[in-house]
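Just so it is clear: chains get the letters A, B, ... in the order the sequence lines come, proteins before strands, and each one is counted from 1.
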Amino acid sequence: MRAWIVIALRNIWKNRRRSAYTILAIAFGYAGVNMFGGFKDYLYSTIKNAFIHVNAMGHLNIHKRGFTSEGRREPTEFLISAEELRQIKALVGARDDVVVVTPQLQIQGLVSNGQFSTVFVALGRVPSEVEEIQRRVGGWIAKRQYYTGEGLSDDHPENVALSAGLADVLGVKAGDDVIATAPTVAGQINALDGHYVGYFDSTLDVLDDKLMEVSLQFSQLLYDTDSVDRIVVLFNDDGDLEAKRDWVQQQLDAAGLDMEVWTWVERAPFFAATERMNNVIFLFMFLVVLVIMVMSVVNTIGMSILERTREIGTMRALGLKRRGIIELFAIESFILGLLGSAVGFLLFLVAWSVVKGFDPHWIPPTYSKPIPLEVHFVTSNLLWSIVFLSVLSLVAAIAPARKAANLEVVDALGHI
Amino acid sequence: MNLVELRSVGKTYNSRMEPVRALHDITMDVADGEFVAIWGPSGSGKSTLCNLIGLLDVPSDGRLSCVGRMAAELSDDQRSELRNERIGFVFQQFNLIPVLSAVENVMLPLQIRGVPYAQCRERAAAHLDRVGLGSHLDRRPDQLSGGQKQRVAVARALVGDPQLVLADEPTANLDTHTAYAIIDLMRALNQEQQTTFVFCTHDQRLLDSVERRIQLVDGTIAEDTRG
């Protein structure tokens, strides 16, 4: 093996210009794939953090069974009672890795400034528990100020925050009062004064003129109920959510509570859609890189075989078996793949540092404000790419190497 | 004892136009320790015969036995093993691997055999020393003269202690002085170690040095003379 590695390395050096083209083709492919892979990871983590932490939807959502199907028509018929909430908090909260178990109640109705009314959608939540969920966010979102003005607080349940677009539509400023109107659970119209304290940027443009944030107490008063429509559970890590969901479901079933448990991925279909779209783009890009790389390797090894046919004949005459000839060129190709990946890693480091240094911003589709554009340093992707591209280079060389190995010894020796 | 035995051996190449009969009805033996030349004009079939004896090719008909094994019964891998362990080759164009040094070239047959690196290097260096290139171990082929390259090729052919060395026009590309030096070297090795040498040549200098000459004309043996 040592002799074949020496021969491979010296031949790569001997044909250094040709080898350099192949190494660069692999290197740019490696860097391109990993830059996009890092961007993909950034997108996922941004969406995930936004959903789980910023929007305080947690890792798991517990609903009354049927809430997400029939409950979409009549949500108030699928509410979780105060007694059920107490039981669930006790059951789920007993687990060591559970950080927060908090109730929420989504409400909708009309909000008015006294002269003009418009539709609103709001989640009634416990402000201190929402803060606890938001506090655990990582990445650039952690540095972002959520409210302009004041946020909500447990001590002032009458405080409300509006999305920037809704505040603009209503023409209110901090300190003004707004009136929320909605039908109660019993079906009567109810109205409640809210004290407008600050606004927030809605991440989704389409909802920017409709969102309100209120305390759980406010939402329950408006709907005239002590029930909630969901219980959010936050764990101290993201790992193995399916198993965690199963555990929670088992606890609820065992207690005779007719509930359904959803993971955040299931409650965020746009995440799966974005993931699918990015995977298709990634696959397409990867195939292009793959084709360029394989063609480059096949060309380099093919040229090498053509130039070294007599050498192949000599090695065969000296007793090297057909398999040995394949190994000889496969090793050369593997080294090309390895060198290409190493250079590609350096290219990636340069590109990654440039992006980090320039701190660019962009407005993703459906977003209303620019957010930082990042490329994540995904160590596992970087390592696996080296392994994959090196092995692929090796595999790409097998067909031309087999052809060389199958040459008759006398034909190879007589090759000019 | 016969090292090589050929009985009614023929070789036909299938060209696009019509089959070309390169050898026909060759019956001959080469005994252990002989110093033999196969000679004849271009196209007489001497290289084809050398290739068959060296198990680089297989006969189309007849029976051929080399170093005690019937060629027709051997697979490609078995022929490779036999070449590696029992047969050495010297080529007209030297056929050294250009990216390897002299000593690395000589080490190759042993490395193919799986001999440990240190042992390969030690044996290769000793063989290069024997052919007068002990001070040129690390020179690449492009840093050696024609005669030195052929000495490296001879060392490579002998490093595996073969029973048979086949040399195809080994002196054709060498000047007279160098050619005689190479011939003397091979003759000395033949006498010291009883290694059998079979040459394919039309070089009179070499023909004058061998003890047996087999003349080929139009793919068949025209004359087999000794002395």
Side-chain angles (χ1 to χ4, degrees), chain A residues 1-19 300-301 303-333 335-336 401-416, chain B residues 11 13 22 47-48 50-52 54-58 75-101 103-118 120-121 124 140-142 153 156-157 159-160 162 166 168:
Chain A
M1 183 66 82
R2 178 175 171 161
W4 312 150
I5 294 171
V6 168
I7 291 175
L9 283 171
R10 290 190 190 159
N11 275 306
I12 287 171
W13 179 246
K14 184 181 165 195
N15 301 308
R16 47 194 171 275
R17 184 177 292 183
R18 189 200 299 152
S19 303
T300 300
I301 297 297
M303 290 288 284
S304 190
I305 285 168
L306 200 66
E307 287 169 4
R308 289 159 60 193
T309 303
R310 186 188 285 264
E311 191 178 312
I312 292 166
T314 306
M315 302 277 266
R316 293 275 288 127
L318 296 180
L320 189 63
K321 295 174 183 170
R322 293 190 198 277
R323 196 178 59 242
I325 297 292
I326 295 172
E327 281 172 13
L328 186 68
F329 287 100
I331 287 170
E332 190 167 321
S333 191
I335 292 172
L336 281 174
R402 273 177 72 96
K403 207 173 159 188
N406 286 331
L407 280 171
E408 292 302 329
V409 184
V410 287
D411 293 339
L413 282 170
H415 183 83
I416 298 167
Chain B
K11 179 69 187 176
Y13 292 108
S47 289
T48 305
C50 246
N51 290 338
L52 293 180
L55 301 176
L56 296 174
D57 206 352
V58 284
S75 68
D76 190 79
D77 278 358
Q78 286 171 321
R79 285 204 303 277
S80 297
E81 279 170 23
L82 215 58
R83 283 198 301 270
N84 179 248
E85 290 166 9
R86 315 281 282 277
I87 306 171
F89 291 91
V90 180
F91 301 98
Q92 180 181 349
Q93 303 289 342
F94 323 122
N95 288 27
L96 300 179
I97 308 299
V99 295
L100 297 181
S101 66
V103 72
E104 287 167 339
N105 264 287
V106 179
M107 286 162 68
L108 261 183
L110 299 177
Q111 290 184 303
I112 291 170
R113 201 181 292 182
V115 176
Y117 179 84
C120 289
R121 191 168 171 98
R140 294 271 178 91
D142 59 3
R156 184 177 66 183
V159 75
L166 280 154
D168 190 3

- Message: Before you tell me yes or no, could you show the steps for B:Val99 and A:Arg308 under side chain to side chain contact (heavy atoms under 4.5 Å, CB included), namely the whole-Å CA-CA distance, both residues' side-chain angles and the distance that decides it to 0.1 Å?
- Response: CA-CA 11 Å; B:Val99 295; A:Arg308 289 159 60 193; over 6 Å; no

- Message: Just checking A:Arg16: does its CZ atom have more than 12 heavy atoms from other residues, nucleotides or ligands closer to it than 6.0 angstrom?
- Response: yes

- Query: Considering residues at least two apart in sequence or located in another chain, which fulfil the side-chain contact (heavy atoms from CB on, under 4.5 Å) criterion with A:Ala8?
  - Reply: A:Ile331, A:Glu332, A:Ile335

- Item | Spacing of CG belonging to A:Leu413 relative to CZ belonging to B:Phe91, to within rounding of 0.5 Å | 5.0 Å

- Do the non-hydrogen side-chain atoms of B:Pro98 and A:Glu311 ever get within less than 4.5 Å of each other? yes

- Item | chain A contacts, top residue of B:Leu96, B:Asp57, B:Asp77 (heavy-atom pairs, under 4.5 Å) | B:Asp77

- Task: Might you point out which heavy atoms bring B:Phe89 and A:Ala317 nearest each other, and give the distance in Å?
- Result: CE1-O, 3.3 Å

- Pick whichever of B:Asp76, B:Asn51, B:Leu108 has the most heavy-atom pairs under 4.5 Å with chain A. B:Asp76

- Message: I need the A:Asn11 CG to B:Leu100 CG distance, nearest 0.5 Å.
- Response: 8.5 Å

- Let me see the working for A:Ile7 and B:Glu104 under side chain to side chain contact (heavy atoms under 4.5 Å, CB included), right down to the final yes or no. CA-CA 10 Å; A:Ile7 291 175; B:Glu104 287 167 339; over 6 Å; no

- Item | Residue pair A:Val6 / B:Gln111, side-chain heavy-atom distance below 4.5 Å | no

- Item | Exercise: identify the closest heavy-atom pair between A:Gly319 and B:Asn84 | CA-CB, 3.7 Å

- Identify which part of A:Glu408 has an atom lying under 4.5 Å from any heavy atom of chain B, answering side chain, backbone, both or neither. neither

- B:Arg140 portion near chain A, given a 4.5 angstrom heavy-atom threshold: side chain

- Item | Portion of A:Trp4 that has a non-hydrogen atom of chain B nearer than 4.5 angstrom | side chain

- Query: Counting N and O atoms only, with roles assigned by atom type, does the side chain of B:Arg83 sit under 3.5 Å from a partner on the main chain of A:Arg316, one being a donor and the other an acceptor?
  - Reply: yes

- For residues A:Arg10 and B:Ser101, report the shortest heavy-atom separation together with the two atoms involved. NH1-N, 4.1 Å

- Item | Rounded distance (nearest 0.5 Å) linking atom CD1 of B:Ile87 with atom CG of A:Leu318 | 11.5 Å

- Message: Are there over 12 heavy-atom neighbours, none belonging to A:Arg18, within less than 6.0 Å of that residue's CZ?
- Response: yes

- Item | Portion of B:Glu85 that has a non-hydrogen atom of chain A nearer than 4.5 angstrom | neither

- Message: Is B:Ser75 close to chain A through its backbone or its side chain, or both, or neither, when contacts mean heavy atoms under 4.5 Å?
- Response: neither

- Task: Apply side chain to side chain contact (heavy atoms under 4.5 Å, CB included) to A:Val409 and B:Arg79, showing your working.
- Result: CA-CA 11 Å; A:Val409 184; B:Arg79 285 204 303 277; over 6 Å; no

- Interchain contact, A:Lys321 with chain B, by part (heavy-atom threshold 4.5 Å): both

